[in-house]
Amino acid sequence: MIVGPSMKDVVQTYTWMTGNTALPPKWSIGYSGSTMTYTDAENAQERLYEFIEKCEENDILCDSFQLSSGYTSIGDKRYVFHWNKDKFPDVQKLARDFSDKGLRLAANIKPALLKDHPQYSDLEQQSFFIKNGKGETETAQFWDGGGAYIDFTNEAAYRWWIDQVQQQLLAYGITSTWNDNNEYEIWSQDATVNGFGSELPFQTIRALQPLLMMKASFEAQAEHTPKERPFLISRSGAPGMHRYVQTWTGDNRTEWKTIRYNIKTGISLSLSGIYNFGHDVGGFAGPKPDEELFIRWVQNGIFHPRFTIHSWNEDQTVNEPWMYENAVPAIRELIQLRSMLTPYWYTAFYHASANHEPIIKPTFFDFEEDTRTWEENDDFLVGPSMLVASVVEPGVSERTVYAPAHNGGWYDFYTGNHVEGGTTTTLPAPSHQTPLLVKAGAIIPVNEAKRTFAKKDEDKRGFLLFPSRGAGHTSNYTLYEDDGITKNWQSAHALVSIEMTTTADAIHVTTNVVSKGYSLPYHEARFTVMTDDSRPLFVNGKEVVEMGSIGGSIEQ
């Protein structure tokens with residue numbers, strides 16, 4: 001048992017005990033495309049190029065793509081670290097062309113080899129697999145055939161995995177690994193593992209195998225690109241997995257209730273120390289989502305650390321941003337909203353890593369003295385200031401949400417309308433907006449550049465201000481900035497501290513930059529009051545003459 005004065009203290013203490021959350025590269029915040037359909041197709045490489053063309057045609061911002069296991073196929077089976085060159089005649093060109101368009105590739109890998117895998121016999125001779133009580137290879141049903149699991153407590157097997165990741169994936173230009181199907185479904189009670197030289201019962205350390213798998217993949221990427229932060233994905237893991245990977249909640253099904261269930265699952269992950277997660281938007285299995293369900297799912301998905309639209313629909317359709325022509329404008333705007341909020345997301349990731357603070361939280365996490373927040377609800381907090389009220393049922397055009405008791409109340413993110421804390425309000429729920437409340441006193445950093453698929457790297461810093469009503473209110477926010485990719489982020493970053501104070505007749509904002517080995521690429525930012533507040537805004541002592549239009553200098 002862990003005892004603390006508050007829910008926050010208990011969760012942060014537990015997370016500290018199990019290790020620091022990995023700070024991901026900034027590009028991982030963007031939309032990541034994925035579907036099993038493309039890599040299962042006979043013309044898989046062509047289908048992937050079509051994905052880029054559709055992103056360009058529909059101006060859908062996308063920063064990465066996840067290659068499902070179909071790229072490893074021989075017939076209908078999957079063979080880890082094997083490239084089907086009929087489907088992918090030129091992998092290096094594919095990776096290079098995706099990179100030129102600003103998309104990183106993540107490749108699916110599995111910790112088991114089927115018996116007819118080209119390398120199976122060689123690995124068996126070297127005792128790289130988990131063994132049974134007789135000292136022979138422990139075989140198990142894996143996907144569509146019998147196979148054997150890699151024993152990552154065998155140091156030679158561990159090194160073999162690192163070499164394969166580097167030689168068969170990273171050397172081709174693949175950026176990341178997607179560690180999949182790593183639940184280690186072995187049920188024999190007499191199965192054994194190498195135990196790093198001291199044989200152990202498999203069931204005793206079962207949970208360590210997926211953890212060691214992702215650790216090996218992490219080290220492979222760290223060795224290959226030593227100056228960059230590794231970014232990995234893993235379906236399963238044990239306490240401590242957050243030191244290495246991002247995760248998701250598994251193969252969900254296309255139903256309205258899944259959105260609600262995924263919210264609950266995500267909150268449980270956060271309370272268990274796993275902060276970097278998401279869900280398969282649109283549903284992984286089942287029929288394709290109808291247009292309304294798909295839009296609501298995207299509205300929810302953009303407010304999770306991992307935002308991926310992924311599917312293997314039973315009716316052979318594909319969940320894609322353009323799957324419904326009439327929905328494309330709404331989907332485009334929702335993805336652009338997520339992109340605009342990248343500085344807010346990135347700073348939340350920083351605090352997750354540096355201070356063990358969850359990114360997604362139940363409403364009672366920050367407002368546990370308000371007993372209403374402990375009642376059943378479908379709401380959740382994102383970062384320090386946002387409350388997301390997802391639509392989880394069909395046929396509605398508005399969403400009722402409880403605004404927790406907070407000094408100063410809340411604001412509708414889009415309209416700036418004030419909502420008293422401790423009251424229930426009804427928010428509009430159009431297709432292009434996720435119902436969203438923001439705490440009074442909030443300072444939200446944004447990328448104000450009008451980003452398009454062709455200009456994804458543009459970045460202009462802005463701050464959205466939601467000042468408390470009345471006088472005598474002070475709030476603070478510290479923005480984290482670095483180059484977004486290098487490993488030495490702890491010694492090469494800048495902190496932009498902002499304080500907002502209200503008086504009876506003005507709103508005062510002051511800034512201070514602490515540079516720790518990193519110089520900001522900008523010296524000015526736009527400060528926008530997002531409410532109907534008529535008080536003049538002063539930034540570092542200078543009045544902003546035209547509210548919301550003229551920025552202020554960032555004092556270095």
Side-chain angles (χ1 to χ4, degrees), residues 2 4 6-30 32 64 106 176 178-179 207 210-211 214-215 218 229-250 262-281 300-308 338 341-368 379-388 390 445 477-480 482 484 489-490 493:
I2 302 174
S6 70
M7 171 71 69
K8 180 177 181 179
D9 292 299
V10 172
V11 171
Q12 288 181 262
T13 297
Y14 173 73
T15 309
W16 165 78
M17 289 172 61
T18 53
N20 289 352
T21 298
L23 180 67
K26 188 179 289 187
W27 60 261
S28 69
I29 296 172
S32 184
S64 63
S176 302
W178 170 9
N179 298 257
L211 197 65
M214 64 186 76
K215 183 175 185 289
F218 182 95
R229 278 169 253 165
F231 177 72
L232 300 81
I233 309 155
S234 181
R235 187 166 92 174
S236 298
M241 66 184 293
H242 55 281
R243 292 176 292 177
Y244 308 111
V245 299
Q246 177 187 82
T247 191
W248 83 104
T249 50
N262 282 165
I263 291 172
K264 306 297 187 188
T265 309
I267 286 174
S268 295
L269 279 169
S270 280
L271 296 179
S272 303
I274 307 298
Y275 299 158
N276 189 353
F277 63 85
H279 319 287
D280 283 349
V281 171
N300 173 269
I302 63 168
F303 281 100
H304 281 79
R306 168 181 168 86
F307 173 51
T308 302
R338 179 181 177 88
L341 292 171
T342 294
Y344 184 79
W345 279 108
Y346 197 52
T347 298
F349 273 115
Y350 165 73
H351 286 295
S353 182
N355 304 318
H356 314 295
E357 296 179 8
I359 299 170
I360 299 289
K361 300 168 285 186
T363 51
F364 62 73
F365 193 89
D366 287 349
F367 302 96
E368 62 181 74
D379 311 331
F380 58 91
L381 303 170
V382 176
S385 303
M386 293 184 168
L387 192 161
V388 177
S390 299
Y477 180 84
T478 299
L479 170 68
Y480 173 84
D482 66 16
W489 61 270
Q490 291 173 308
H493 66 266

> If you measure from CG on N20 to NE2 on H356, what distance do you get to the nearest 0.5 Å?
Replying inline: 5.0 Å

> With a 4.5 Å limit on heavy-atom distance, are the side chains of F277 and Q246 in contact?
Replying inline: no

> Do P24 and N276 have side chains that get closer than 4.5 Å, going by heavy atoms?
Replying inline: yes

>> Does either side chain, that of D482 or that of Y346, offer a donor lying less than 3.5 Å from an acceptor on the other one?
In response: yes

>> If you define the side chain from C-beta out and look only at heavy atoms, does anything of W345 sit under 4.5 Å from K26?
In response: no

>> For F365 versus K8, what's the shortest heavy-atom pair and its separation?
In response: CZ-CA, 3.4 Å

> When the ring planes of F380 and H304 are compared, do they come out parallel, tilted or perpendicular, using 30° and 60° as the limits?
Replying inline: tilted

> With no hydrogens and no angle check, do the side chains of T21 and H242 hold a donor and an acceptor under 3.5 Å apart?
Replying inline: no

> Counting N and O atoms only, with roles assigned by atom type, does the side chain of S270 sit under 3.5 Å from a partner on the main chain of Y275, one being a donor and the other an acceptor?
Replying inline: no

> Passes side-chain contact (heavy atoms from CB on, under 4.5 Å), S234 versus Y244? Steps please.
Replying inline: CA-CA 9 Å; S234 181; Y244 308 111; over 6 Å; no

>> What's the separation between atom OG1 in T308 and atom CD1 in I233, rounded to the nearest 0.5 Å?
In response: 6.5 Å

>> As a quick check of understanding, evaluate side chain to side chain donor-acceptor pair (under 3.5 Å) for S390 and N300, giving each step before the final call.
In response: CA-CA 6 Å; S390 299; N300 173 269; 2.8 Å; yes

>> Apply side-chain contact (heavy atoms from CB on, under 4.5 Å) to residues R306 and W248 and explain how you reach the verdict.
In response: CA-CA 8 Å; R306 168 181 168 86; W248 83 104; 3.5 Å; yes

> Can you tell me if S353 uses its side chain to pair, donor with acceptor, with the backbone of F349 under 3.5 Å?
Replying inline: no

> Without hydrogens or angle criteria, can the side chains of S6 and D9 be said to hold a donor-acceptor pair below 3.5 Å?
Replying inline: yes

>> Please evaluate residues D366 and K361 with respect to the criterion side-chain contact (heavy atoms from CB on, under 4.5 Å), reporting the C-alpha separation (whole Å), side-chain torsions for both, the decisive distance (0.1 Å), and the verdict.
In response: CA-CA 8 Å; D366 287 349; K361 300 168 285 186; 2.9 Å; yes

> Is the backbone of P25 close enough, under 3.5 Å, to the side chain of S28 for a donor and an acceptor to pair up by distance?
Replying inline: yes

